[in-house]
Amino acid sequence: IVLAPIRRAAALGVLVGGAGGAGVVYAACVWRSMLRHGLVAKIEMDDRIWYAALPALGYGLMAGAGMVLGWGQTAGGFLLAGSIGLLLLAAIRNAWDMTVWMVIRKQD
């Protein structure tokens with residue numbers, strides 16, 4: 001989105017904010033699914049933080065960055081970079097966690 005040739009700050013803000021908003025909705029669906037299936041009691045607190053809370057925070061920051069960018073403020077770029085860094089960090093950690101879990105689980 002950031003590399004697209006968008007001339008107006010408001011259009012960039014809407015696109016970035018929309019992507020962040022969609023991510024927040026997706027994170028809320030993940031939380032709802034975890035609660036509905038009773039997984040919250042089975043999943044450790046650190047996994048709940050890394051798999052659900054930090055991505056929700058990252059997407060919320062992205063939505064906020066969209067609003068700041070839409071107002072034409074350059075600080076929105078730093079906020080967007082921070083949100084993408086947080087999402088990337090969570091994704092790398094979660095991929096590593098899933099890989100380790102698949103390798104060490106007992107085979108039936």
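Note that these values count all heavy atoms, side chains included, but never hydrogens, waters or copies made by symmetry.
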Transitive ILVMFWY cluster of Ile92, excluding itself - 4.5 Å side-chain cut-off: Leu88

Nearest atoms (heavy-atom pairs only) where Ala65 meets Gly76: CB-O, 3.7 Å

Answer with yes or no whether the hydrophobic clustering places Leu80 together with Met67; edges join I, L, V, M, F, W, Y residues whose side-chain heavy atoms lie under 4.5 Å apart. no

Quick check: closest heavy atoms across Gly21 and Ala63, and the distance to 0.1 Å? N-CB, 4.0 Å

Can you list every pair that meets salt bridge (Lys or Arg N to Asp or Glu O under 4.0 Å) and has a residue in residues 65-91, with sequence neighbours left out? none

Pairs involving residues 71-96, ordered by first then second residue, that meet salt bridge (Lys or Arg N to Asp or Glu O under 4.0 Å) (sequence neighbours left out): Asp46-Arg93, Asp47-Arg93, Arg93-Asp97

Taking a hydrophobic cluster as the set of Ile, Leu, Val, Met, Phe, Trp and Tyr residues connected by side-chain heavy atoms closer than 4.5 Å, whether directly or through intermediates, do Met45 and Val30 fall within one such cluster? no

Short side-chain to backbone donor-acceptor contact, Thr99 and Ala95, under 3.5 Å: yes

Going by side chain to side chain contact (heavy atoms under 4.5 Å, CB included), name the residues that satisfy it together with Leu12, two or more places apart in sequence or in a different chain. Ile1, Ile6, Val16, Leu69

Do Ile49 and Leu86 share a hydrophobic cluster, counting only Ile, Leu, Val, Met, Phe, Trp and Tyr and linking them when any side-chain heavy atoms are less than 4.5 Å apart? yes

To the nearest 0.5 angstrom, please state how far the CD1 atom of Ile84 sits from the CG atom of Leu61. 11.0 Å

Pairs flagged by side-chain hydrogen bond (donor to acceptor under 3.5 Å, both in side chains) wherever residues 70-83 is involved - sequence neighbours left out: none

Cluster partners of Tyr51, using ILVMFWY side-chain heavy atoms under 4.5 angstrom, listed by chain and number? Met98

Can you name the residues that form a side chain to side chain contact (heavy atoms under 4.5 Å, CB included) with Leu87, not counting sequence neighbours? Pro55, Tyr59, Met62

Do any pairs count as a salt bridge (Lys or Arg N to Asp or Glu O under 4.0 Å) and have a residue in residues 20-38, sequence neighbours left out, and if so which ones? none

Taking only residues two or more places apart in sequence, or in another chain, which ones meet Arg48 in a salt bridge (charged side-chain N to carboxylate O under 4.0 Å, His left out)? none

